[in-house]
Amino acid sequence: MSSTAGQVIRCKAAVAWEAAKPLSIEEVEVAPPQANEVRLKILFTSLCHTDVYFWEAKGQTPLFPRIYGHEAGGIVESVGPGVTDLQPGDHVLPVFTGECGDCRHCKSEESNMCDLLRINTDRGVMITDGKSRFSINGKPIYHFLGGSTFSEYTVCHIGTVAKINPAAPLDKVCILSCGISTGLGAALNVAKPKKGHTVAVFGLGAVGLAAAEGARLSGASRIIGVDLNPSRFKEAKKFGVTELINPKDHNKPVQQVIIEMTDGGVDRSIECTGNVQAMISAFECVHDGWGVAVLVGVPSKDDEFKTHPMNLLNERTLKGTFFGNYKPRTDLPGVVEKYMNKELEVEKFITHSIPFSEINKAFDYMLKGEGLRCIIRMEG
């Protein structure tokens with residue numbers, strides 16, 4: 001066991017004290033892990049759009065002060081009572097959702113939506129005892145998505161931590177713990193394009209480009225990228241996107257444009273924006289008889305999806321996915337191996353790297369739409 005096991009650790013964390021205000025680097029106390037928990041030393045973390053969305057207080061009942069961050073790589077520092085499948089020194093990826101291994105979802109081959117540990121954006125405490133493991137001068141600081149990786153040390157439930165190959169470089173594979181796997185899995189596990197298929201991808205951010213990468217790995221012959229931001233088009237070609245459409249350039253619905261380009265529609269479409277109109281377009285642009293549309297983006301709470309029932313009766317399929325249908329602990333190590341075996345390129349998703357002391361720059365990059373993933377080096 002490490003020399004700090006069982007003790008409170010004092011370390012640096014980037015604390016959000018209020019909505020949309022720059023994070024403040026503070027010294028926090030991180031309590032030891034309790035039953036079925038592990039304490040991790042975070043080495044690299046990355047900013048995901050979900051962090052920004054909730055930091056801006058757009059997505060939940062605001063909960064502050066809070067430590068954001070959930071896309072990361074680290075090493076187990078110590079384990080709590082009852083933890084047998086992880087030990088200090090293990091290399092791990094914390095994940096925003098979990099796999100308890102015991103519920104109906106975990107026992108199903110078809111689902112990754114664990115009853116106990118599925119994503120909960122409102123919860124700011126550990127499920128073990130309803131308390132936070134972070135504090136400053138005795139005042140609790142709330143967790144986020146079970147991760148709170150904008151801290152040099154954090155505590156996670158064992159079911160949300162994937163043990164990976166220790167040879168994998170954490171400064172690269174850390175981005176597989178959220179967005180990249182979400183897009184990749186949407187293509188490989190849900191849309192399942194066949195060799196020679198045409199695929200449309202709506203939204204060319206990191207998740208959408210990961211979906212394009214999945215379509216490329218599947219052997220798609222045409223990958224049509226759809227985005228309102230033309231500055232993303234040059235980058236998209238590195239991920240296998242062969243054609244690009246900006247809906248603003250057309251005076252007809254984008255689904256009609258795609259149908260005309262593809263002699264009746266694409267074989268598969270993957271929607272990665274969260275915009276309900278893009279979702280409808282993604283569904284209506286697939287070919288009748290066999291077309292499959294997959295929804296990845298998270299809509300606003302009042303959105304309604306409307307389409308004519310004939311679109312379904314004409315043998316189009318509409319599917320949704322969560323975290324690319326990957327079970328975090330079971331499947332994520334295999335995604336890391338795809339990178340280790342050079343099947344999957346991760347480096348092209350990483351456009352910036354900054355020291356932890358400059359974490360607010362990562363928010364600036366994302367708010368300006370610059371780049372894809374920014375790696376935050378905790379040692380820096």
Side-chain angles (χ1 to χ4, degrees), residues 1-19 21-47 51 54-55 62-83 86-90 92-96 98 117 120-161 170 174 355-360 362-363 376-380:
M1 296 290 282
S2 67
S3 60
T4 47
Q7 301 175 28
V8 170
I9 288 179
R10 287 179 174 78
C11 70
K12 289 178 183 172
V15 177
W17 290 100
E18 53 186 307
K21 295 291 172 68
L23 306 188
S24 174
I25 305 288
E26 309 277 0
E27 182 177 85
V28 299
E29 294 102 38
V30 186
Q34 300 303 305
N36 298 314
E37 296 175 358
V38 291
R39 188 161 57 185
L40 309 180
K41 178 178 173 63
I42 300 296
L43 298 181
F44 299 95
T45 187
S46 174
L47 182 66
D51 296 308
F54 285 94
W55 165 73
L63 190 60
F64 295 96
R66 203 169 201 182
I67 297 172
Y68 287 96
H70 62 281
E71 193 172 88
I75 296 175
V76 175
E77 174 271 337
S78 61
V79 303
V83 175
L86 283 176
Q87 57 189 18
D90 283 345
V92 295
L93 302 181
V95 187
F96 66 91
L117 298 168
N120 183 325
T121 56
D122 290 330
R123 186 168 55 227
V125 294
M126 301 301 291
I127 62 171
T128 313
D129 59 4
K131 296 178 181 176
S132 174
R133 301 287 173 262
F134 297 108
S135 60
I136 295 179
N137 299 324
K139 176 182 169 60
I141 309 294
Y142 293 109
H143 295 250
F144 179 64
L145 292 185
S148 293
T149 60
F150 295 164
S151 174
E152 293 175 322
Y153 288 86
T154 189
V155 176
C156 300
H157 190 283
I158 180 69
T160 64
V161 177
L170 289 171
C174 63
F356 185 40
S357 58
E358 297 176 12
I359 190 170
N360 287 300
F363 283 76
I376 298 157
R377 307 185 300 274
M378 300 306 288
E379 299 289 319

Tell me every residue that passes ring pair (Phe, Tyr, Trp, His ring centres under 6.0 Å) with Phe363, counting only those two or more places apart in sequence or in another chain. Trp55
Side-chain donor or acceptor of Thr160 paired with backbone N/O of Pro94 under 3.5 Å: no
Asp90: which residues meet the side-chain contact (heavy atoms from CB on, under 4.5 Å) condition with it, sequence neighbours left out? Val76, Leu86, Gln87, Val92, Lys163
Pairwise side-chain contact, Cys11 with Val30, heavy-atom cut-off 4.5 Å (strictly under): yes
Are any side-chain N or O atoms of Glu71 and backbone N or O atoms of Gly69, one a donor and one an acceptor, separated by less than 3.5 Å? no
Within this structure, what is the CD-CE distance for the pair Gln34 and Met126, rounded to the nearest 0.5 Å? 9.0 Å
Taking C-beta and beyond as the side chain, do Val161 and Leu93 meet within less than 4.5 Å on heavy atoms? no
Would you say the side chain of Phe150 lies within less than 4.5 Å of the side chain of Ile376, judging by non-hydrogen atoms? yes
Tyr68 side chain to His143 main-chain N or O, any donor-acceptor pair under 3.5 Å? no
Please confirm whether the backbone N or O of Thr149 pairs with a side-chain atom of Thr154, one donor and one acceptor, at under 3.5 Å? no
Evaluate the side-chain proximity of Ile67 to Tyr142: yes if any heavy-atom separation is below 4.5 Å, no if none is. no
If you measure only the distance, is there a donor-acceptor pair under 3.5 Å linking the side chains of Glu77 and Thr4? yes
Might you work through the side-chain contact (heavy atoms from CB on, under 4.5 Å) test for Ile75 and Leu43, ending with a clear yes or no? CA-CA 8 Å; Ile75 296 175; Leu43 298 181; 3.7 Å; yes
Quick test of your reading: applying side-chain hydrogen bond (donor to acceptor under 3.5 Å, both in side chains), list the pairs with at least one residue in residues 6-17, sequence neighbours left out, ordered by first then second residue. Trp17-Glu26
Measure the spacing between NE2 of His157 and CG of Asn36 and express it to the nearest 0.5 Å. 5.0 Å
What distance separates Ser78 OG from Ile9 CD1, expressed to the nearest 0.5 Å? 6.0 Å
Salt-bridge contact Lys41-Glu379 (side-chain N to carboxylate O under 4.0 Å): yes
Side-chain heavy-atom pair Cys156, Leu40 within 4.5 angstrom cut-off: yes
Compute whether any side-chain donor of one residue and acceptor of the other, for Glu37 and Thr128, lie under 3.5 angstrom apart. yes
Between the side chains of Asp51 and His70, does any donor sit under 3.5 Å from an acceptor? yes
